[in-house]
S.K.: 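Next up is a structure, given as structure tokens.
Values reported hereafter were calculated over all heavy atoms of this structure, with side chains retained and with hydrogens, waters and symmetry mates removed. These numbers come from a predicted model, not from an experiment.
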Amino acid sequence: DSEARTFEGIGLGLSISREVVQRHGGRIKVTSEVGRGSTFSVILPVCAEDRCSQKDTLLQAPPAKVESKVGKRGGDEQAPVSDAKAAPPVRQAAVPALAPEKAQRPESRGPHSPQEPKTQVLSVAEEDTNHDEMQATLDPDGCEITRVAGASEAMHLIKKAIAKFDLVVFSMARPSVSGSNFCRFLRDEMQCSREALPVIMVSSEEAASDHFGLECLKSGAHDFVVRPFTPEELRKRVRAAAAMQREFKLRSKSLERRLVLNALLPAAMAERVACGETLTVQEFPMLSILSCTLPDWTDLVAGMAPRQTVRILNSLHSVFERLADRVVVHRCQQTPRGCFMVAGHDGSTGHAALLTKLAFGILEEVRTVQLPMGRPLQVRLALHSGPAVAGIIIGSSVPQCAFFGETMRFLERMDASGPPGCVYISEAAFGQVQASFIKEQNARVVDQGMRDVDGGGQLRM
């Protein structure tokens with residue numbers, strides 16, 4: 001009973017054999033005897049009349065003088081015939097002439113270029129003959145075949161190295177059962193989409209049910225093919241699947257790059273870099289920038305162990321990141337001793353009030369960061385508003401956004417002059433913050449008056 005079999009042959013059943021023989025103009029027949037076995041006979045014509053054309057090679061009898069002894073039955077001898085007619089042409093067997101082995105292969109390995117990476121194909125089959133068939137069929141396209149003997153082995157390998165393979169060709173005796181389980185394993189357990197790792201199911205005509213194709217697609221396969229098929233048919237399906245997978249990889253890399261760029265750069269500038277711009281500069285007529293730094297950083301870490309220093313930095317920058325991610329704020333120019341936070345770069349209003357609220361939150365959160373010997377962690381916060389210029393520094397790998405201009409120059413000097421433990425706000429930034437907002441924050445405003453800013457004249461604080 002074929003349903004109870006665990007192992008099958010390569011799937012080339014009698015119906016397929018008959019089809020192959022008939023396509024060659026022949027016929028197949030069988031004679032059986034109970035208890036002794038069956039004899040299968042394949043009869044192929046040397047040349048079928050309907051397949052012969054005038055282009056067939058003809059073997060001509062020598063046209064020169066031919067001596068032929070033709071006599072009556074019994075061997076009566078005849079005189080030599082000196083002017084005999086040439087014997088009628090004899091057709092050569094209708095077998096196509098074989099070119100040298102080198103010419104048999106597709107030119108330039110099909111669509112594969114030596115510069116392109118090979119398509120990594122996982123071949124799942126119980127029989128070596130199936131693997132050999134895949135190897136011979138896909139080798140001209142530059143595919144590299146990895147062989148596994150069954151669905152279980154394939155699942156184990158996929159768990160270990162799913163990123164290694166571009167597609168799977170599943171050629172099993174009964175792919176509707178084990179193949180469906182394998183596809184569901186990929187889609188459900190591994191969360192791997194059809195585009196990320198396409199699966200092509202291969203079945204013999206006998207093993208394939210009436211709904212074989214639908215069952216394959218429902219289980220998560222990308223495509224299917226039923227024997228008999230031509231090598232070019234399978235190659236085309238593999239090419240299509242590989243092309244889809246490559247396009248998916250490119251889209252995924254593009255998306256990952258955009259996510260990284262959006263995390264590192266302002267959104268509008270990230271889009272320009274993603275589109276290939278290599279020199280990106282943008283002017284902002286008005287925005288607000290908050291400087292967050294640790295005063296006396298060198299003295300603070302002088303007596304700390306390296307691991308302790310990194311732990312404190314992680315805690316501090318986690319505070320910056322957590323609070324900044326709650327609002328539309330861009331963090332930039334990060335160093336161990338601090339960073340800058342920018343608002344209004346997206347054209348929004350109320351950016352000074354937004355950063356003022358963020359600064360109050362930082363002061364509150366920093367108190368939870370523990371220093372050795374119970375020392376308090378002091379943070380200096382300075383806020384200024386005005387025009388600025390941003391430039392994207394691409395470098396060799398990771399892009400960074402740098403803000404510069406008069407606003408940044410004054411802010412850096414404010415940071416160097418401001419006291420720790422409070423929010424140091426310039427008059428330009430404070431003018432954008434409503435008095436009601438300050439009251440809501442339970443903040444006390446201290447007018448510092450005109451203050452000397454190192455190298456920048458006087459500025460009202």
S.K.: Looking at Asp141 and Cys143, would you say the former's side chain and the latter's main chain have a donor-acceptor pair under 3.5 Å?
M.R.: no
S.K.: Let me know which of His131, Arg147, Glu133 forms a side chain to side chain donor-acceptor pair (under 3.5 Å) with Ser123.
M.R.: His131
S.K.: When you look at Val202 and Arg227, which way does the side chain to side chain contact (heavy atoms under 4.5 Å, CB included) test go after all the steps?
M.R.: CA-CA 7 Å; Val202 180; Arg227 287 188 175 91; 3.7 Å; yes
S.K.: Could you check whether any side-chain heavy atom of Thr39 comes within less than 4.5 Å of a side-chain heavy atom of Val30, counting everything from C-beta outward?
M.R.: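 Heavy-atom side-chain distance check fails, nothing below 4.5 Å.
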S.K.: How many angstroms lie between CD in Glu412 and OG1 in Thr407, if you round to the nearest 0.5 Å?
M.R.: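 Atom-to-atom, Glu412:CD and Thr407:OG1 are 11.0 Å apart.
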S.K.: Provide the closest heavy-atom pair for Val169 versus Val238 in the form atom of the first, atom of the second, distance.
M.R.: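 Closest heavy-atom pair between Val169 and Val238: CG2-CG2, 4.4 Å.
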S.K.: Between Lys249 and Glu195, does any side-chain N to carboxylate O distance fall below 4.0 Å?
M.R.: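 Glu195 and Lys249: not salt-bridged.
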S.K.: Side chains of Leu167 and Val199: does their closest heavy-atom pair fall under 4.5 Å?
M.R.: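 With C-beta onward as the side chain, the pair stays apart.
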S.K.: Using the side chain to side chain contact (heavy atoms under 4.5 Å, CB included) rule, take Val124 and Ser171 through it: C-alpha gap first, then chi angles, then the decisive distance, then the call.
M.R.: CA-CA 6 Å; Val124 186; Ser171 180; over 6 Å; no
S.K.: With a 4.5 Å cut-off on side-chain heavy atoms, are Leu250 and Ser252 touching?
M.R.: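 No, every pair of side-chain atoms sits at 4.5 Å or beyond.
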S.K.: Measure the spacing between CZ of Phe185 and OG of Ser219 and express it to the nearest 0.5 Å.
M.R.: 14.0 Å
S.K.: Please report the C-alpha distance between Phe165 and Leu157 in whole Å, then the side-chain angles of each, then the deciding distance to 0.1 Å, and finally whether the side chain to side chain contact (heavy atoms under 4.5 Å, CB included) criterion is met.
M.R.: CA-CA 10 Å; Phe165 302 106; Leu157 185 58; 3.5 Å; yes
S.K.: How close do Leu197 and Cys192 get, counting heavy atoms only, and between which atoms?
M.R.: CB-SG, 3.5 Å
S.K.: Can Ile158 and Leu122 be said to form a side chain to side chain contact (heavy atoms under 4.5 Å, CB included), step by step?
M.R.: CA-CA 9 Å; Ile158 288 291; Leu122 178 61; 4.0 Å; yes
S.K.: To the nearest 0.5 Å, how far apart are CE in Met341 and CG in Leu354?
M.R.: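 That separation rounds to 11.0 Å.
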S.K.: Any idea how His330 and Phe403 line up, ring-wise: parallel (<30°), tilted (30 to 60°), or perpendicular (>60°)?
M.R.: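 Tilted.
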S.K.: Given Glu233, which partner from the list Lys236, Arg237, Arg235 fulfils the side chain to side chain donor-acceptor pair (under 3.5 Å) test?
M.R.: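 Exactly one candidate clears the test, Arg237.
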S.K.: Do you know which two heavy atoms are closest between Phe182 and Ala154, and how far apart they sit?
M.R.: CE1-CB, 3.7 Å
S.K.: Considering only NZ, NE, NH1 and NH2 on the basic side and carboxylate oxygens on the acidic side, decide whether Arg184 and Glu189 come within less than 4.0 Å.
M.R.: no
S.K.: What heavy-atom pair brings Gln245 and Pro198 nearest, and what distance separates the two atoms?
M.R.: CG-CD, 3.8 Å
S.K.: Mind checking the OG1-CE spacing from Thr146 to Met134? Nearest 0.5 Å is all I need.
M.R.: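 Those atoms lie 14.5 Å apart.
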S.K.: Can you check whether Ser193 reaches Phe248 side chain to side chain, under 4.5 Å on heavy atoms?
M.R.: yes
S.K.: Provide the closest heavy-atom pair for Cys292 versus Phe320 in the form atom of the first, atom of the second, distance.
M.R.: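 Answer, listing the atom of Cys292 first, then Phe320: CB-CZ, 3.8 Å.
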S.K.: Would you please test Asp166 and Thr119 for side chain to side chain donor-acceptor pair (under 3.5 Å) and show each step?
M.R.: CA-CA 6 Å; Asp166 298 317; Thr119 301; 4.8 Å; no
S.K.: For Arg27, does the CZ atom sit with more than 12 other heavy atoms under 6.0 Å from it, leaving out its own atoms?
M.R.: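 Check fails, neighbour count at 12 or below.
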S.K.: Indicate yes or no: at least one non-hydrogen side-chain atom of Thr31 is less than 4.5 angstrom from one of Phe40.
M.R.: no
S.K.: With rounding to the nearest 0.5 angstrom, report the CE to CD1 distance, Met190 to Ile162.
M.R.: 4.0 Å
S.K.: Are His345 and Met269 packed together at the side-chain level, in the sense that at least one heavy-atom pair is separated by less than 4.5 angstrom?
M.R.: no
S.K.: Let's go through Arg239 and Glu232 carefully: what are the C-alpha distance in whole Å and the side-chain angles of both, what is the deciding distance for salt bridge (charged side-chain N to carboxylate O under 4.0 Å, His left out) to 0.1 Å, and is it a yes or a no?
M.R.: CA-CA 10 Å; Arg239 289 172 197 160; Glu232 185 61 24; 3.1 Å; yes
S.K.: Does any part of the side chain of Met201, heavy atoms only, come nearer than 4.5 Å to the side chain of Val225, both counted from C-beta?
M.R.: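 Not in contact.
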S.K.: Between Ile200 and Ala241, which heavy-atom pair has the shortest distance, and what is it?
M.R.: CD1-CB, 4.1 Å
S.K.: Under 3.5 Å, side chain of Glu153 to main-chain N/O of Ala149, donor-acceptor pair present?
M.R.: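 Between the backbone of Ala149 and the side chain of Glu153 there is a qualifying donor-acceptor contact (under 3.5 Å).
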S.K.: Rounded to the nearest 0.5 Å, what's the gap from CG on Leu355 to CD1 on Ile289? Could you check?
M.R.: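 Result: 9.0 Å between the selected atoms.
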S.K.: Does the side chain of Phe224 come within less than 4.5 Å of Glu215's, by heavy atoms?
M.R.: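 A side-chain contact is absent here, since even the closest heavy-atom pair is not under 4.5 Å.
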